Amino acid sequence: MKSILTPLGPKADKDTVRRHNLSLVLRAVRDEGESGEATRAGVAARVGLTRAAVSSLVEQLMESGFLTESGKTFSGQAGRPGTALKVARTGPAGLGVEINIDYVSVCVVDLAGTGRVRQTEHLDNRGAPAGEVLARAARIAARTLDSAREQELRPVGATLALPGLVSGGSVRQAPNLGWNEVPAEDLFAEALTALRPGNPVLPVASENEANLAALAELWFGGLGDVRSFLYLTGEIGVGGALVLGGELLRGAHGFAGEIGHVVVDPDGPECRCGSRGCLEQYAGQTALLRAAGIDGSGGGAGVVELERRARAGDGRAVAALTEAGRMLGRVVSGAVNLVDPDAVVLGGIYRGLMPWLSPPADEELTGRVVSGLWSPGSGRLRASSVAGDAARGAAALVVQDVLADPVAYAEP
């Protein structure tokens with residue numbers, strides 16, 4: 001039988017090896033800084049290079065503005081104290097732009113993953129031409145970039161977080177926005193460039209917003225050792241993402257995770273996607289507010305009112321949430337049986353509604369997960385952290401590129 005050989009890349013030369021080692025050292029300093037203080041000796045031990053080699057790499061990273069050093073650190077062992085290394089709070093950064101149904105949120109994240117600038121505007125983007133929505137987002141992004149510059153931050157790329165099927169720089173379909181085959185990256189980049197004459201053109205990428213929220217949860221949330229989880233975000237629709245072994249599962253075409261359009265009842269309400277009885281027709285924001293008898297035109301205000309009524313014991317509000325939780329559990333149990341994640345994380349509007357969604361969802365999962373490993377109150381069904389959201393995940397995705405090859409992003 002003929003074997004299938006994996007194509008080999010080019011042989012690594014000295015420059016390629018050094019660029020790789022610069023990335024190793026930068027990422028090691030960033031990771032060490034999250035739990036304590038990084039030193040040259042500690043980084044050398046972690047990455048497996050000599051201290052002399054690490055010192056040379058550190059000097060280059062400091063000259064390029066990626067690292068800084070501060071006072072002495074004392075390890076308690078013999079020898080001279082080392083200086084503490086930290087990733088720079090100025091210089092290269094990432095820009096994240098979340099365009100959702102009823103808001104646009106833009107943020108800048110520095111090399112440490114810290115959110116440094118945030119601007120959010122509540123806008124009803126339904127029915128508006130895609131170019132107009134993307135131009136609005138570009139205006140907010142331009143103001144955010146001005147604020148970043150005041151903090152000596154230099155965003156080197158932007159990522160759009162978009163609610164729909166995203167591939168090849170375009171939104172193939174976003175039912176709740178009414179978008180089909182929209183070249184989102186190009187339209188946004190053109191609008192942003194026009195607003196910033198004389199500035200370098202900012203590279204723009206795009207990704208599904210639930211995927212980016214899941215990555216933010218992975219990088220910044222309180223998951224601990226959990227590296228495999230299903231993430232659901234409740235907004236106007238229901239988005240989903242799957243992280244396995246710390247890696248986002250995108251699927252063959254980038255469309256994995258569209259759990260909001262799993263059919264619960266083929267004879268159910270018509271969905272904007274063209275099908276009937278999709279999960280978001282039972283557990284999406286619009287469906288929840290309608291079932292609770294709350295005017296949904298106020299967007300987030302409607303969700304606040306839903307939570308208030310549920311806390312007050314309003315029967316219709318509690319019933320709406322119970323039914324939504326039951327439908328969530330029914331659909332999620334199939335995904336759990338298929339991919340066996342450690343946890344299911346509910347974000348977006350679901351975070352504040354967990355006291356009412358969780359019990360019926362847990363009950364469905366307990367009865368339907370065939371492994372028998374799911375039980376109510378196990379903690380495997382959990383609310384997302386407040387530390388992560390799609391805009392932050394989008395900005396952090398840019399930062400990941402910088403950490404992977406700092407030479408490519410050094411300031412000329």
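Computed from a predicted structure; not experimentally measured.
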Q60 backbone acceptor or donor facing S64 side chain under 3.5 Å: yes

Any side-chain heavy atom of L165 within less than 4.5 Å of one from V171? no

Can you establish whether the number of heavy atoms outside E132 located under 6.0 Å from its atom CD is more than 12? yes

Least distance between heavy atoms, A283 atom then L288 atom: O-CD1, 3.8 Å

For a quick test of reading the model, state the closest non-hydrogen atom pair linking A214 to V243 and the distance between them. CB-CG2, 4.1 Å

May I ask you to check whether N125 and R136 show a side-chain donor-acceptor distance below 3.5 Å? yes

Taking all heavy atoms of V398 and all of A93, pick out the closest pair and write down the distance. CG1-O, 4.0 Å

CG on L346 to OG1 on T233, rounded to 0.5 Å: 9.5 Å

If we ignore hydrogens and angles and just use 3.5 Å, is the side chain of Y231 paired with the main-chain N or O of G239 as donor and acceptor? no

Report yes if some heavy atom in the side chain of Y409 is under 4.5 Å from a heavy atom in the side chain of L403; otherwise report no. no

Determine whether the side chains of R19 and S23 contain a donor N or O and an acceptor N or O closer than 3.5 Å. no

Side chain T50, main chain A53, donor-acceptor under 3.5 Å: yes

Is there a donor-acceptor pair closer than 3.5 Å between any side-chain N or O of D342 and the backbone N or O of F229? no

Kindly indicate whether the side chain of I99, heavy atoms from C-beta on, has any atom under 4.5 Å from the side chain of V133. yes

With the threshold set at 4.0 Å, does a side-chain nitrogen-carboxylate oxygen contact exist between D31 and R46? yes

Is a side-chain donor or acceptor of R382 paired with a backbone partner of V344 at a separation under 3.5 angstrom? no

Output yes when a side-chain donor or acceptor of E181 lies under 3.5 Å from a complementary backbone atom of S170, and no otherwise. no

Could you verify whether a donor N or O on one side chain and an acceptor N or O on the other, from R18 and S56, lie under 3.5 Å apart? yes

Does E247 CD have over 12 foreign heavy atoms under 6.0 Å away? no

Donor-acceptor pair, side chain of T114 and main chain of R116, under 3.5 angstrom: no

Student check: side-chain heavy atoms of D110 and T90 closer than 4.5 Å: no

Are E217 and L223 close enough that some pair of their side-chain heavy atoms sits under 4.5 Å apart? yes

Within 45° of the ring axis of F255 and under 6.0 Å from its six-membered ring centre, is that where the NZ or CZ of R172 lies? no

Intermediate values then yes/no, side chain to side chain donor-acceptor pair (under 3.5 Å), S105 and E98: CA-CA 5 Å; S105 189; E98 181 185 2; 5.1 Å; no

When you measure from the side chain of N100 to the backbone N and O of Y103, does any donor-acceptor pair fall under 3.5 Å? no

May I have the step-by-step check of salt bridge (Lys or Arg N to Asp or Glu O under 4.0 Å) for D389 and R118, ending in yes or no? CA-CA 12 Å; D389 63 88; R118 168 81 68 162; 2.8 Å; yes

Flag side-chain contact, heavy atom, 4.5 Å: L230 against I259: yes

Are R40 and E59 close enough for a salt bridge, meaning some N to O gap below 4.0 Å? yes

Side chain proximity check, L232 to L328, heavy atoms < 4.5 angstrom: yes

Taking atom CD of Q400 as the centre, report whether more than 12 heavy atoms of other residues, nucleotides or ligands fall under 6.0 Å from it. yes

Salt-bridge contact R139-E121 (side-chain N to carboxylate O under 4.0 Å): no

Between R392 and G113, is there a donor-acceptor pair closer than 3.5 Å when you use the side chain of the first and the backbone of the second? yes

With side chains defined as the heavy atoms from C-beta onward, is the minimum distance between E307 and V303 less than 4.5 Å? no

T193 side-chain N/O to E190 backbone N/O, donor-acceptor pair under 3.5 Å: no

Checking R308 now: which residues fulfil side chain to side chain contact (heavy atoms under 4.5 Å, CB included) with it, not counting sequence neighbours? E305

Electrostatic pair R250-E207, nearest N-O below 4.0 angstrom: yes

Where A191 and A138 come nearest, the two heavy atoms and their spacing: CB-CB, 3.7 Å

